[in-house]
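A short worksheet on the structure shown next.
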Amino acid sequence: MATTRTSPLLMLSIFFILNSIPIPSSSCPIHQKQALLHFKSTLTTILNSSSLLESWNPNSDCCSWDLVNCSRTKTRTVTELHLSDIVPTFTPVPVFSHILTPLFHIQTLKLLDISMNWLRGEIPGDGFGNLTQLVHLDMMQNSFNGSIPDQFFLLKNLRYLDMSDNRLEGELQPELGSFTNLTTLKLSLNRFQGSIPPQLFELESLQVLNLSNNILQGVLSSRHVSGLKNLRYLDLNSNSLQGELGPELGSFLNLISLSLSSNLFHGLIPPKLFELESLQILDLSNNALEGGLSPEVGKLRKLESLKLNGNFLAGNIPEEVGNLTKLKEFSLGKNQFIGKIPSLVENLKELESLDLSGNSFTMEIPGSIGKLPNLTLLDLSKNKFIGPIPPSIRNLSNLETLRLHNNNLAGEIPTWLFEIKTLKNLFIGGKESNLIWNNKAKIVPRCSLQQLSMSSCGISGEIPEWISSQKDLFFLDLSENQLKGGIPDWLTEMEFEGIVLSDNNLTGALPPRLFESMSLLILALSRNNFSGELPENIGNAKGIMVLMLSDNNFSGQIPKSMASIFLLMLLDLSKNKFSGDSFPIFRDTRHLVYIDLSYNDFSGKIPMNFSLDTRILSLGGNRFSGDLPMTLTKFVNLEHLDLHDNEITGNFQDILPQIPTLQVLSLRNNSVEGFIPRTISSLTSLRILDLSGNKLTGSIPTEIANLSSMIKTPKMSTSDYIFPVYVTNVDIFNNVIEFQDLIVNWKKSFQGLASRNLDIYSLLDLSENQISGEIPASLGNLKSLKVLNVSHNRISGQIPVSFGDLRDVESLDFSYNELSGLIPQTLSKLDQLTILDVSNNRLTGKIPMGGQMDTMNELDYFQNNNGLCGMQIGIICPEDIPPPEERKEEDDKELWFLWEGTWVGFPVGFFSSILVMGYFLNFLNFFKFW
């Protein structure tokens, strides 16, 4: 047998091959194992347990532990730590970022996930700077604060970085541009401010960029976005970015999702956007975009979500929308669209959500709506649709939410609505609705409703009992109907989150059982005929956030247990018959920001039992007495203080609350004495000041002219009430919540100013006091002032010429004073002026002409002065009467004209008469002939 010889070269090759094959070691490096055990020990000491790290045993290989991955090389180093959500959300002791210190010794890490642990403190920069091999770092949903440490920018290998949902702040550093390998960057839900650094837009590898929910400002320009050629997802929503959207957005040719919602962008939607053929999600909602929706939108055939709601877009919906056959979500709500719903909408067979609410759509709701088989949400509320509810809606076999309220719909409400098996939320009726409920109809619902709103539907009698069959119902609104009787027992036994029965004729006392529910969040029973005392157990309903019981006949004291409702945000007990001088102690109810106890019969000292976070406090129309408490100054968030029509005393200079946030202060019709102090200028937010009907003396201080909120023109408010983050259904809260109007003397009559829009008003009323001296000329600086009333005082001097600068003023009342001199001609510049009352003064001279002054023809507003004249009151001023010589020439000209007319007229008249008589005689002879 032949012997085979192996060559030395072959043996050497086999040796090297065998040595190159990785042979696992028995364990990971000892120093890395010790680091992990140190981390576990520290965490266990803090939490008294660490159930997710039970496999981390000192007697086993750390590469076999849960949440740990190692390399496949001979060294078996730790490369990945998946430590997400290992700290429970609610821990008795906070866990700080220094707990991560042992992990920074594992320098071979390529992936580190510490998300959802709610770790506190600053990011350990030095520690993270050691992990230079990191490729993937997830730190989302913690509580890290401070800024991004400089050492972070040493991590040049990073491809994925998620620091979202923390408390990071400061400006975004230009060094972010050093992450040249980055494909995903998420910094959302932090407190970053300033502009977006241009370097960030030079990361050519970046595919996902999410900077949403910060405080970023500035504009987007072409130089910003030119480098992001591979970007697929861009989310900048909920910042303060501004400017126009330019054509540069069209350069993101690979973009799949673009979200720029809730910013300050204005102008038109750039046409270049409609060339992004890969786009699947486009969200430009809640900005200030104008113009119309271009037919070019039909090019985006891959679009699945189109949200343009909350802008100023107008015009008709283009028919080309029918080309978007993959569309699942379509929202144009809260715009200014008109016309009808285009017929081609029926092509959107994939559509699941259609929101056209809050526009001015007219015509009837088309029957083609019923051809959208996948529709789960249909919101056409707050438009001008007419006609009946189309029967085709019953064909929507997947419909869960139907909102048709606040339209001009008419006819009987169809009972088949309650036969749609999938229906969960139904909103019909409301303002302007002409829908009528058949009170004789027998309802046997086949659906299981969760929310039911039938406001202003003409429902009469007692609360319909068929509602008791809806066991999943948690919100019920039957307001503005003709319901009578009391609250039935079956209603108190259901687990409601919201009950709205305002504006009915309901009677009786409130059943105590109603307040044994921990689910109840909203109870609105205003403007009924309920009576009796509030149940003592009202405090058992600890979850109530909104309690509105105004305009009923409730009496007695406010139950002390009400202070136990620790989530209470809005309390309105106004316009009842409550009495007493003892109140619940609301100091620990820190969410209670709106309190209205006005128009009752409360007495005693002004109560200070409220939370220091109170923003609106209305106590007017009671019998409170004594000085304003000095502790008012501790209410550092107070915006609205209304104490009118009480028996408050004291010197104003001593009791004036120094609260910088105060916007409205009304002390009308009290017995406050003293003078207006110069320190009033420190109330920089004050826009409405009503001190009328008191006993103030002294002069008007010039410092009032420094009230900055009366100087700058306010912006129209469109924001709704801001609720805590745990309020999930904000729309329901905003639709239900109502704030009582602020009653002021507005243009010579007492009127209510809508509290939701108070920031557009500015008023200064010092009338019916004993104020003397002259009106400071500096008051002309208050350019946003709409009403100025200083009537019924002892003010002397002249009306300042500077008042011609009050460009927004609508009403000026100087009556019943001792003013003298001329009415300044500069008042003719006031384009908004509708009322000028200077009666009962010592004014002289000509009333100015021009502009709105030509419309001031109310005689009562000029009476009882020394010598006013002008066309407004029908008295010719001396300077307008021509001199005697000029009058004689005019008389001679008139006489000559009369004689000249006689010489010309006599012959003409004579010959005309002869001709007429001759014609008439011939006309008679004509009849004789016949």
Phe361 and Phe337 aromatic ring geometry - parallel, tilted or perpendicular at 30°/60° bounds: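 Ring orientation, 0 to 90° scale: parallel.
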His136 vs Tyr160 aromatic rings, parallel, tilted or perpendicular, using cut-offs 30° and 60°?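 Because their plane-to-plane angle is under 30°, the rings of His136 and Tyr160 count as parallel.
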So, [X] versus [Y]: side-chain donor-acceptor pair below 3.5 Å or not?
X: His82; Y: Glu80; answer: yes
X: Gln658; Y: Ser682; answer: yes
X: Asn309; Y: Ser331; answer: yes
X: Asn130; Y: Gln107; answer: no
X: Asp613; Y: Asn637; answer: yes
X: Ser71; Y: Thr79; answer: no
X: Gln207; Y: Arg232; answer: no

Just to verify, which of Leu220, Asn214, Asn210 counts as forming a side chain to side chain contact (heavy atoms under 4.5 Å, CB included) with Leu236?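 The side chain to side chain contact (heavy atoms under 4.5 Å, CB included) with Leu236 is passed solely by Leu220 among Leu220, Asn214, Asn210.
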With Leu67, which of Asp113, Leu36, Ile86, Leu81 fulfils side chain to side chain contact (heavy atoms under 4.5 Å, CB included)?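 Result for side chain to side chain contact (heavy atoms under 4.5 Å, CB included) with Leu67: Ile86.
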Within a strict 4.5 Å, meaning less than it, do heavy atoms of the [X] and [Y] side chains meet?
X: Leu109; Y: Leu134; answer: yes
X: Arg120; Y: Asn145; answer: no
X: Phe274; Y: Ile269; answer: yes

For the CD atom on Gln336, are there more than 12 heavy atoms of other groups (residues, nucleotides or ligands in this structure) within a distance under 6.0 Å?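 For Gln336, atom CD is crowded (more than 12 foreign heavy atoms under 6.0 Å).
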Above 12 or not: heavy atoms from other molecules or residues under 6.0 Å from NZ of Lys302?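 At most 12 heavy atoms, drawn from other residues, nucleotides or ligands, come within 6.0 Å of this atom.
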Working to the nearest 0.5 angstrom, can you tell me the gap between Leu282 CG and Leu260 CG?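 Going from CG on Leu282 over to CG on Leu260, the span is 8.0 Å.
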Nearest 0.5 angstrom please: Leu52 CG to Leu83 CG, how far?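 Answer for the CG-CG pair, Leu52 versus Leu83, is 9.5 Å.
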Check for a donor-acceptor pair, side chain of [X] on one end and backbone N or O of [Y] on the other, with a separation under 3.5 Å.
X: Asn166; Y: Phe144; result: yes
X: Asn239; Y: Leu216; result: yes
X: Asn383; Y: Ser360; result: yes
X: Asn311; Y: Asn287; result: yes

Short N-O contact, Arg615 and Glu639, less than 4.0 angstrom: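 Answer for the salt bridge query: yes.
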